[in-house]
S.K.: 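Below are the structure tokens for one structure; questions will follow.
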4 protein chains.
Amino acid sequence: MNSSFGKNINISLFGESHGKGIGVVIQGLPAGIKLDVEQINNEMSRRAPGKDALSTTRKESDIPKIQSGIFEGYTTGAPLAIVIENSDTKSKDYSILKSHMRPGHADYPGNIRYGGFNDYRGGGHFSGRLTAPIVFAGAVAKQILKSQGITIGAHISQIGNVLDKKFDAVNIDEKELTALLSKELPVLNDENIVKMKDEILLAKQEGDSVGGKIECAIIGTKAGIGNPFFDSVESTISHLAFSVPAVKGINFGIGENFANMRGSCANDEYCLTGGEIKTRTNNNGGITGGITNGMPIIFEVVIKPTPSISKEQRTVDITSKTETTLEITGRHDPCIVQRAVVVIEAIAAIGILELIKI
Amino acid sequence: MNSSFGKNINISLFGESHGKGIGVVIQGLPAGIKLDVEQINNEMSRRAPGKDALSTTRKESDIPKIQSGIFEGYTTGAPLAIVIENSDTKSKDYSILKSHMRPGHADYPGNIRYGGFNDYRGGGHFSGRLTAPIVFAGAVAKQILKSQGITIGAHISQIGNVLDKKFDAVNIDEKELTALLSKELPVLNDENIVKMKDEILLAKQEGDSVGGKIECAIIGTKAGIGNPFFDSVESTISHLAFSVPAVKGINFGIGENFANMRGSCANDEYCLTGGEIKTRTNNNGGITGGITNGMPIIFEVVIKPTPSISKEQRTVDITSKTETTLEITGRHDPCIVQRAVVVIEAIAAIGILELIKI
Amino acid sequence: MNSSFGKNINISLFGESHGKGIGVVIQGLPAGIKLDVEQINNEMSRRAPGKDALSTTRKESDIPKIQSGIFEGYTTGAPLAIVIENSDTKSKDYSILKSHMRPGHADYPGNIRYGGFNDYRGGGHFSGRLTAPIVFAGAVAKQILKSQGITIGAHISQIGNVLDKKFDAVNIDEKELTALLSKELPVLNDENIVKMKDEILLAKQEGDSVGGKIECAIIGTKAGIGNPFFDSVESTISHLAFSVPAVKGINFGIGENFANMRGSCANDEYCLTGGEIKTRTNNNGGITGGITNGMPIIFEVVIKPTPSISKEQRTVDITSKTETTLEITGRHDPCIVQRAVVVIEAIAAIGILELIKI
Amino acid sequence: MNSSFGKNINISLFGESHGKGIGVVIQGLPAGIKLDVEQINNEMSRRAPGKDALSTTRKESDIPKIQSGIFEGYTTGAPLAIVIENSDTKSKDYSILKSHMRPGHADYPGNIRYGGFNDYRGGGHFSGRLTAPIVFAGAVAKQILKSQGITIGAHISQIGNVLDKKFDAVNIDEKELTALLSKELPVLNDENIVKMKDEILLAKQEGDSVGGKIECAIIGTKAGIGNPFFDSVESTISHLAFSVPAVKGINFGIGENFANMRGSCANDEYCLTGGEIKTRTNNNGGITGGITNGMPIIFEVVIKPTPSISKEQRTVDITSKTETTLEITGRHDPCIVQRAVVVIEAIAAIGILELIKI
């Protein structure tokens with residue numbers, strides 16, 4: 001088992017949903033980076049639960065306690081370690097989960113994987129709560145990338161039946177990405193905010209949940225980042241994206257539309273724009289041959305509906321080895337897409353930082 | 001740069017399309033595995049070029065010369081290294097590519113990445129030709145997995161506008177996977193063979209190319225393989241899948257259909273089948289929480305149309321820094337989907353072997 | 001920078017001597033290991049400072065606060081993370097160290113390495129204090145190895161001019177190793193306890209420090225552990241040993257005595273002992289060809305005298321770029337050999353656990 | 001099993017002494033390095049066997065056949081792969097080794113490690129012959145380091161009872177290192193050449209072998225290279241050094257002399273020399289806190305006598321499980337110290353290149 005990622009910038013996650021604390025150790029950060037703690041906390045609060053009717057009622061302040069790696073406001077070059085306490089834990093909610101496997105969750109595979117010794121409370125180490133330290137690491141990565149002229153932003157491109165429009169893959173700019181941050185839900189077409197909220201609240205009302213998609217853009221990356229084959233930009237980002245619980249698909253550029261397209265349409269022809277080599281279209285999402293070509297990097301992930309639902313579900317009791325049913329009564333999110341936006345941005349930032357090797 | 005993958009089973013690729021040879025070093029193989037060389041060569045020939053009108057006319061026997069790691073028919077436990085000679089190289093075809101960047105190819109990003117020192121002939125190290133050693137490694141991995149009861153197979157699920165039906169994610173069996181190997185094109189619905197060939201030949205006739213999709217199934221994996229977060233099954237397989245040139249998207253299970261689905265439909269409920277814990281549906285493609293749940297692993301990749309086309313394309317000359325046009329006259333494939341099927345199976349095998357830690 | 005070790009069992013250290021806390025994340029531990037916390041704390045106290053006149057007066061309880069990875073007394077298989085608070089920090093002692101480089105310490109190379117941003121207080125991340133989490137990891141590793149029949153022990157083989165006798169490399173047993181734990185100083189010849197204490201106290205009295213050697217034995221390892229070349233047992237143990245501050249040399253088996261020996265004397269001839277293959281001598285310290293041969297693993301490390309001494313030393317002021325002198329007034333150890341014994345055992349345990357791949 | 005080293009510059013060895021070929025894949029080399037092939041071949045010949053009465057009569061030209069990674073004389077940035085053919089193999093010499101374990105060799109541990117499937121001919125993958133590709137990688141590394149002002153050289157510091165003088169750790173310069181290359185044996189005191197040859201030939205005459213020591217210097221490294229703890233300079237170099245068959249000990253700087261020294265003597269005081277910060281002495285061998293301090297890096301390794309000797313030795317027959325005797329009749333070296341000098345330089349070069357992260 002390895003809850004660790006990266007050779008240049010390495011992040012090692014730890015923690016379980018209802019243990020003492022969760023956190024991350026980040027290794028390989030350059031020394032002398034001035035970190036804006038307020039901005040980090042802003043990022044943390046974008047993911048934090050308990051803020052509105054759209055998410056779980058579990059309240060966690062999610063304040064990262066820095067143990068090491070920062071001295072007088074600057075990174076020291078030594079590992080940056082944080083601990084986030086688990087404060088609002090209600091372990092009694094979870095006792096039945098020791099035997100009743102929740103459909104769609106890691107309960108059963110985790111039980112087999114760890115011989116029944118895994119902490120089953122709230123999903124244990126599998127909990128989406130572990131994305132909090134990922135967001136922390138992403139916030140640090142974003143600040144470093146910012147100093148290199150790289151900006152990352154994402155929007156909800158779909159929730160249930162409501163589809164937002166897509167990024168303009170050629171012309172997307174920082175202003176558009178920044179504008180997303182001040183919206184109630186980060187969408188390109190503001191009319192979708194109410195529609196998406198309705199979609200989520202409707203699912204909630206029915207004791208159900210709903211899925212969606214998130215489209216992410218990375219702008220400002222120069223051509224020549226990444227590697228052929230195993231450390232390609234797509235390999236790196238997808239590796240990280242599928243580390244985020246509930247992600248079940250990823251497309252780069254126009255993705256599956258490539259399947260029924262001719263090469264003559266799919267190829268992004270080169271041109272000179274202000275003396276710089278650019279492509280006329282950006283079907284490849286800024287990556288060809290596994291390496292950045294200087295255009296915006298665009299990818300989209302599919303988020304499955306939260307497996308935790310109030311509705312009765314059929315399952316098995318692994319203790320008695322019988323079929324049974326289960327109603328999940330704990331606190332949970334009717335939709336995690338909106339909370340996952342900052343997580344997807346975080347893994348994009350971590351992936352690019354890994355490849356840039358500052 | 002790192003053309004290497006894996007901690008338990010490590011493969012290190014080397015070679016350039018028009019250099020002396022290409023190959024792979026495989027580390028971490030257990031000793032004492034009897035390797036069926038004929039079956040390996042069968043796998044190599046599934047990918048080899050020059051066989052029919054659907055692929056490039058470059059003829060390469062692709063016979064792997066084993067340097068080490070096998071003694072008297074069994075793996076020794078030492079690194080297994082092979083070299084495949086480049087025999088049918090026509091370097092004159094490629095001289096213009098030093099300055100004229102082919103759209104959709106790695107030429108330009110590669111040129112920037114390596115400061116112009118990359119071998120530009122035939123794509124150099126970025127060439128799809130490097131998937132030959134991947135197929136070799138995959139063939140070895142398949143044999144080891146076979147002894148563990150695991151079988152891997154794939155079919156073309158789409159070429160251009162022709163869509164094959166999907167695997168039955170719950171009931172897919174070895175027989176169905178084996179049957180695919182004897183078909184002219186590996187599809188589930190035989191009527192699609194002619195249709196897909198027509199789609200490819202039409203593109204070829206027009207000096208164009210066409211993309212598609214490949215769906216892959218891994219059956220026989222027990223529950224409990226994989227890890228939460230960064231070494232999840234999805235992270236591992238997607239990392240490898242995007243290492244295959246031209247792959248631009250991947251979905252696990254029902255993939256993007258999760259986006260507009262309710263949790264109550266998406267969740268795979270558990271049941272007991274012959275005393276074993278199974279799921280009633282397999283929307284998650286055999287993986288929940290990043291770990292196998294004992295159901296077939298199902299994923300689908302998107303393959304973009306071959307960027308090499310005969311049609312005139314607009315591009316830039318990086319030597320003179322001017323806009324220009326390019327007609328690619330070398331040998332190339334109108335479609336690589338059919339040749340990529342065994343490559344996708346190979347990376348699936350390598351990924352599972354990495355996770356199983358035999 | 002990478003304060004991390006291991007592929008199978010990975011430990012990631014964090015912390016700085018005068019920061020909020022230090023700790024370690026251990027990944028790859030099998031689930032279901034019952035951990036004896038009392039024994040872990042015993043190991044911690046073997047290294048802890050402030051116990052007697054032989055070590056620094058800095059008092060640290062060194063109690064590890066477990067954040068995750070243990071549930072109801074057993075490992076969960078998720079990362080095991082601990083934080084140890086820095087309680088007795090006197091940062092005022094260290095202010096001059098920002099500019100006056102202490103001879104023999106990491107101050108100057110660290111300042112260059114991190115562009116002056118490293119936490120200079122008490123050596124920051126370079127501090128010997130970071131061996132506390134190493135001891136924790138080692139204590140966990142020892143318990144797992146114990147269940148595999150492997151025991152690790154070490155003794156002080158030299159302090160200054162006082163030499164202890166060496167382990168009997170062929171016949172060393174668990175009893176002898178256990179006996180070392182109850183002695184005031186772990187030596188084979190009890191007469192050396194007083195002599196070594198005198199050697200240390202004499203150095204202390206003179207405001208000086210003294211070095212020594214530690215010999216370590218690992219018994220119970222079967223033949224066949226380790227790898228040829230880069231992951232040999234010697235490579236793994238030496239890599240870890242030189243991670244311990246102040247270690248400047250390591251020998252396996254008879255070490256440098258091999259240099260003036262003939263092969264006919266040096267080779268350990270095989271024999272059958274009770275049906276098992278053993279060697280008649282153990283000059284190779286239990287390792288041939290990088291792999292264990294079933295005999296006790298024996299190695300010895302050289303520990304340099306603590307660089308912190310009260311005596312005036314010549315140095316440079318890097319702020320003013322002038323030569324100057326320095327008297328170190330903080331608390332420090334006249335000898336760290338006795339505190340390092342458990343650290344050397346710890347890295348031996350971590351190394352073997354890494355190679356065994358439980 | 002992992003015959004691979006390095007994160008930034010990765011080398012993966014392959015091959016067995018009597019297989020088809022041996023070689024190495026080097027990943028992570030920067031593109032655009034002009035490689036001097038003649039100089040590489042010079043380095044190869046420094047290690048090659050069959051040159052004089054001091055080494056084995058096995059004749060191998062050891063010419064590396066470059067498969068990839070070099071184009072028009074420059075590195076392409078893609079993996080640099082070479083194959084060296086095994087031409088002078090006499091497998092009949094080795095058949096008895098399947099059952100009769102040679103003392104001091106990897107035969108027995110290797111047999112257990114690989115369940116008897118390892119290639120036992122000539123030591124298989126454990127053979128010292130595998131140091132040929134290490135020398136190749138080292139020769140490439142040296143050329144890159146040279147362009148950074150770093151030079152590496154080594155001398156035989158001991159063979160049997162003959163001791164050479166030590167490097168002047170403070171003042172050692174490139175001229176002195178270069179001078180070693182033109183000597184019949186690389187020693188600092190030329191009188192030792194005849195004495196060492198006599199020592200070797202005497203051992204040879206008696207059907208025996210003899211060990212020794214090699215001292216290596218790395219000059220021109222700036223302060224600030226390396227890391228605290230696990231990726232320290234000492235950890236990196238020792239890891240590599242113990243990968244070289246027959247190395248059984250390593251000391252940095254004055255090594256074991258630290259054990260009976262006071263801190264006031266051991267510490268290297270800082271001074272200003274021509275405006276640069278230097279140390280007055282260099283007891284620490286250029287490394288403090290695991291990081292270079294700008295002084296020459298000095299280390300010494302112990303090489304055990306070649307285990308292959310003609311004299312009768314007692315051993316076991318693992319097939320019949322009986323005690324027996326063995327006379328090794330194959331070709332072998334009475335001393336490998338002189339051939340190992342360039343190997344030690346090679347691992348020093350690889351280690352420093354890994355740490356410098358060009």
Side-chain angles (χ1 to χ4, degrees), chain C residues 1-3 5 101 103-104 106 109 112-113 125-126 158 160-161 208-209 211-213 223-224 227-232 234-235 238-239 242-243 248-249 251-252 255-256 258-264 266-267 269-270 272 277 288-289 291 293 302 304-307 309 311 313-316 323, chain D residues 1-3 5 101 103-104 106 109 112-113 125-126 158 160-161 208-209 211-213 223-224 227-232 234-235 238-239 242-243 248-249 251-252 255-256 258-264 266-267 269-270 272 277 288-289 291 293 302 304-307 309 311 313-316 323:
Chain C
M1 162 176 201
N2 209 333
S3 295
F5 176 84
M101 302 292 97
I112 300 296
R113 172 73 176 80
H125 185 57
F126 291 88
Q158 184 176 348
N161 291 307
D208 214 333
S209 64
K213 292 185 183 175
N227 304 285
F229 297 98
F230 306 112
D231 291 341
S232 71
E234 291 115 325
S235 286
S238 71
H239 188 124
F242 284 112
S243 302
K248 294 298 284 187
N251 281 312
F252 290 86
E256 68 163 357
F258 277 119
N260 63 355
M261 200 179 257
R262 288 289 175 85
S264 54
N267 284 347
E269 294 182 314
Y270 292 104
L272 288 169
I277 298 173
T288 33
I291 299 187
N293 59 20
V302 181
K304 74 174 183 178
T306 329
I309 55 174
K311 285 189 169 178
Q313 297 178 85
R314 291 175 295 177
T315 188
V316 294
E323 296 191 345
Chain D
M1 164 177 199
N2 209 332
S3 294
F5 176 83
M101 303 292 96
I112 300 296
R113 172 74 174 79
H125 185 57
F126 291 89
Q158 183 175 347
N161 291 306
D208 214 331
S209 65
K213 291 185 184 174
N227 304 286
F229 297 98
F230 306 112
D231 292 341
S232 71
E234 290 115 325
S235 286
S238 71
H239 188 125
F242 284 112
S243 304
K248 294 297 284 187
N251 281 312
F252 290 86
E256 67 163 358
F258 276 120
N260 62 356
M261 200 179 258
R262 288 289 176 84
S264 55
N267 284 349
E269 293 182 314
Y270 291 103
L272 287 169
I277 298 173
T288 33
I291 298 187
N293 60 20
V302 181
K304 74 174 183 177
T306 329
I309 55 174
K311 286 188 169 177
Q313 296 179 85
R314 290 175 295 177
T315 187
V316 294
E323 296 192 345

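Quick note on labels: first sequence line is chain A, next is B, and so on, each numbered from 1. Being a predicted model, the structure only gives us computed values, none of them experimental. Every heavy atom of this structure was used, including side-chain atoms; hydrogens, water molecules and symmetry mates were not.
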S.K.: Between N293(D) and chain C, with a heavy-atom cut-off of 4.5 Å, which part of the residue counts as in contact: side chain, backbone, both or neither?
M.R.: both
S.K.: If I measure from the heavy atoms of chain C, does I277(D) come under 4.5 Å with its side chain, its backbone, both, or neither?
M.R.: both
S.K.: Would you say the side chain of E269(C) lies within less than 4.5 Å of the side chain of T315(D), judging by non-hydrogen atoms?
M.R.: no
S.K.: Less than 4.5 Å apart, any side-chain heavy atom of N267(C) and any of Q313(D)?
M.R.: yes
S.K.: Taking side chain as C-beta onward, heavy atoms only, is R113(C) less than 4.5 Å from N227(D)?
M.R.: yes
S.K.: Between E256(D) and chain C, which part of the residue has a heavy atom less than 4.5 Å away: side chain, backbone, both or neither?
M.R.: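 When you check distances to chain C, atoms from both the backbone and side chain of E256(D) fall under 4.5 Å.
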S.K.: Between P109(D) and I291(C), what is the shortest heavy-atom contact and its length?
M.R.: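 So the minimum-distance heavy-atom pair works out to CB-CG2, 3.5 Å.
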S.K.: Which bit of K304(D) is near chain C, if near means a heavy-atom gap under 4.5 Å: side chain, backbone, both or neither?
M.R.: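 Both parts, backbone and side chain.
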S.K.: Roughly how far, to the nearest 0.5 Å, is the OG atom of S3(D) from the CZ atom of F229(C)?
M.R.: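 Those atoms lie 7.0 Å apart.
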S.K.: Provide the closest heavy-atom pair for D208(C) versus G263(D) in the form atom of the first, atom of the second, distance.
M.R.: OD1-N, 3.3 Å
S.K.: Once side chain to side chain contact (heavy atoms under 4.5 Å, CB included) is applied, do any residues pair with P305(C), and if so which ones, sequence neighbours excluded?
M.R.: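 Partners of P305(C) under the side chain to side chain contact (heavy atoms under 4.5 Å, CB included) test: S209(C), F258(D), A266(D).
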S.K.: Who passes side chain to side chain contact (heavy atoms under 4.5 Å, CB included) against S232(D), sequence neighbours left out?
M.R.: F242(C), E234(D), S235(D)
S.K.: Do you know which two heavy atoms are closest between S238(C) and H239(D), and how far apart they sit?
M.R.: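 That would be OG-N, 3.9 Å.
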